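By convention in this document, chain letters (A, B, ...) are assigned in the order of the sequence lines, proteins followed by strands, and residues within each chain are numbered from 1. Small disclaimer: the values here were computed from a predicted structure and weren't measured.
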Number of protein chains: 2
Amino acid sequence: MSDLLERLRGRGWRMTAQRRVVAEVLDGDHIHLTADEVHARAVAKLPEISRATVYNTLGEMVSLGEVIEVSTDRRAKRYDPNAHRPHQHLVCARCGAIRDVHPVGNPLSDLPDSERFGFTISDVEVTYRGTCPNCASA
Amino acid sequence: MSDLLERLRGRGWRMTAQRRVVAEVLDGDHIHLTADEVHARAVAKLPEISRATVYNTLGEMVSLGEVIEVSTDRRAKRYDPNAHRPHQHLVCARCGAIRDVHPVGNPLSDLPDSERFGFTISDVEVTYRGTCPNCASA
DNA sequence: TCCTAGAATGGACAATGTCTAAGTCAAGCA
DNA sequence: TGCTTGACTTAGACATTGTCCATTCTAGGA
């Protein structure tokens, strides 16, 4: 059974066929689908699901903190169900492949007070870019 | 005289009124305009400049490495003329204000080999998010 | 079983960015 | 200085991604 689905159910989320399908599509590791990809896969399981519902559902899962929005490329947002282990992303500049990675240390400590301009910092996002082994050997 | 303009001229870039205006608009510190904002400001100086030209020109400046594309929010790309001093960005989650910041150390060294999945990493982008002093006191 | 608040639908709309065909011009050269 | 030419610019159509809204439907409780 889907972890994500379990977690959502546990929050008293009203369960519908559409929401179940979206949650199922998003479950797993190293999953980083765009809204459109989610929609395409959802349609395969439930042909009459609408685009608006997919957007709404993704938006709600993000609000609930069960899914993270990622913008690794400059096009569509991607949705990452791995919201409960802090991680960063490693992106292949050629093929767009994305991996979850776990850097050591706390990137926040690298920013001296003098460089904070009085901001209260709540979050740090790190994106590593490079070439994946596949593309490098091609 | 504009630094950016000087650098572009030095590369034998064919100079036109439109390109000059785009370069002028982009010059300065902590500048992070969207393509649309660049266009709006360019139109103020040269009313007949077209959107396509602004996009083309920005794209070329990015290719030449004289301007950096930044995606701090999930909407439009922003253009940062400060391409020659490595820096990261600090973004206010409420008002969207952006500051250039200079963390100490090299974020690359925080990613162990075991977390690199065979990638050759060429670049690291860090975005700090928080609340700016203005928004915090409001 | 019936009600009702909340969810889903689909289609219009908005924002951002890309492409193309035709016209225009900067810069080198005679 | 005045051609020539290839690069640049233009306007607008088009593409992609995302949002909104009025209507219809339905899950889950009474």
Asker: Could you see if B:V70 belongs to whatever hydrophobic cluster contains B:L58? Use Ile, Leu, Val, Met, Phe, Trp, Tyr and a side-chain cutoff under 4.5 Å.
Answerer: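 Result: no, two separate clusters.
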Asker: Specify the separation, in whole Å, of atom CZ of B:R11 and atom C1' of D:dA7.
Answerer: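 Checked: the CZ to C1' distance equals 18 Å.
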Asker: Between B:M15 and B:Y55, which is nearer to the 5' end of DNA chain C once each is assigned its nearest nucleotide?
Answerer: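 This one resolves to B:Y55.
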Asker: When the distance from CG of B:L64 to P of D:dC8 is rounded to whole Å, what number comes out?
Answerer: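 Going from B:L64 (CG) to D:dC8 (P), I get 11 Å.
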Asker: Among the nucleotides C:dT18, D:dT9, C:dT9, which one has an atom lying closest to any side-chain atom of B:K77?
Answerer: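 It is C:dT18.
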Asker: Starting at CZ of B:R19 and ending at P of D:dT10, how long is that distance when rounded to a whole Å?
Answerer: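 Between P of D:dT10 and CZ of B:R19: 11 Å.
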Asker: Does B:R116 use its side chain to pair, donor to acceptor, with the backbone of B:L111 at less than 3.5 Å?
Answerer: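 Looks like yes, one N/O pair under 3.5 Å.
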Asker: Stems in DNA chain C: runs of 3 or more consecutive Watson-Crick or G-U pairs, distances under 3.5 Å?
Answerer: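 The stems that DNA chain C takes part in, listed by first number, are C:1-30 with D:1-30.
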Asker: Please tell me which of the listed nucleotides, D:dG12, C:dT9, C:dT16, lies nearest to the side chain of B:A52?
Answerer: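 Taking heavy atoms from C-beta onward, the closest nucleotide is D:dG12.
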Asker: Under the 3.5 angstrom rule, does the side chain of B:E66 hit a backbone N or O of B:M61 as a donor-acceptor pair?
Answerer: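 Side chain of B:E66 to backbone of B:M61, a donor-acceptor pair under 3.5 Å: no, none is there.
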Asker: Tell me: CZ of A:R20 to P of C:dA7, nearest whole Å?
Answerer: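 In whole Å, C:dA7 P and A:R20 CZ are 15 Å from each other.
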Asker: Separation of B:L58 atom CG from D:dC8 atom C1', in whole Å?
Answerer: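 For the pair B:L58 CG and D:dC8 C1', the rounded distance is 15 Å.
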Asker: State whether the side chain of A:H39 and the backbone N or O of A:I49 hold a donor-acceptor pair below 3.5 Å, judged by distance alone.
Answerer: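 Side chain of A:H39 to backbone of A:I49: a pair is present.
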Asker: To the nearest angstrom, how far is A:R75 atom CZ from D:dA15 atom C1'?
Answerer: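 Roughly 9 Å, once rounded to whole Å.
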Asker: Quick one: do the B:H30 and B:N82 side chains pair a donor with an acceptor below 3.5 Å?
Answerer: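 Note: B:H30 and B:N82 side chains miss the donor-acceptor criterion.
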Asker: Is the backbone of B:R129 close enough, under 3.5 Å, to the side chain of A:S122 for a donor and an acceptor to pair up by distance?
Answerer: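 Here the side-chain-to-backbone pair exists.
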Asker: Of B:R14 and B:R51, whose closest DNA chain C nucleotide lies nearer the 5' terminus?
Answerer: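 Here B:R51 is the residue nearer the 5' end.
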Asker: Taking the minimum atom-to-atom distance to the side chain of A:Q18, which one of D:dG18, C:dA8, C:dA15 wins?
Answerer: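 For A:Q18, the side-chain atoms sit closest to C:dA8.
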Asker: Can any side-chain N or O of A:R11 pair as donor or acceptor with the backbone N or O of A:L64 at less than 3.5 Å?
Answerer: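 The answer is yes, because a donor-acceptor pair under 3.5 Å joins these two groups.
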Asker: Below the 4.0 Å mark, does C:dA8 have OP1 or OP2 next to a side-chain nitrogen or oxygen of A:T53?
Answerer: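 No.
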Asker: Does A:T16 make a side-chain N or O approach to OP1 or OP2 of C:dA8 shorter than 4.0 Å?
Answerer: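 Looking at the OP1 and OP2 atoms of C:dA8, one of them is under 4.0 Å from a side-chain N or O of A:T16.
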Asker: For B:T57 and for A:A76, locate the closest nucleotide of DNA chain D by heavy-atom distance; then report the residue assigned to the nucleotide nearer the 5' terminus.
Answerer: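 Of the two residues, B:T57 wins.
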Asker: Given atom CG of A:D36 and atom C1' of D:dT19, what is their separation to the nearest angstrom?
Answerer: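 To the nearest whole Å, that distance equals 14 Å.
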Asker: Roughly how many Å is it from CG in B:N56 to P in C:dT20, rounded to a whole number?
Answerer: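 Atom CG in B:N56 sits about 12 Å away from atom P in C:dT20.
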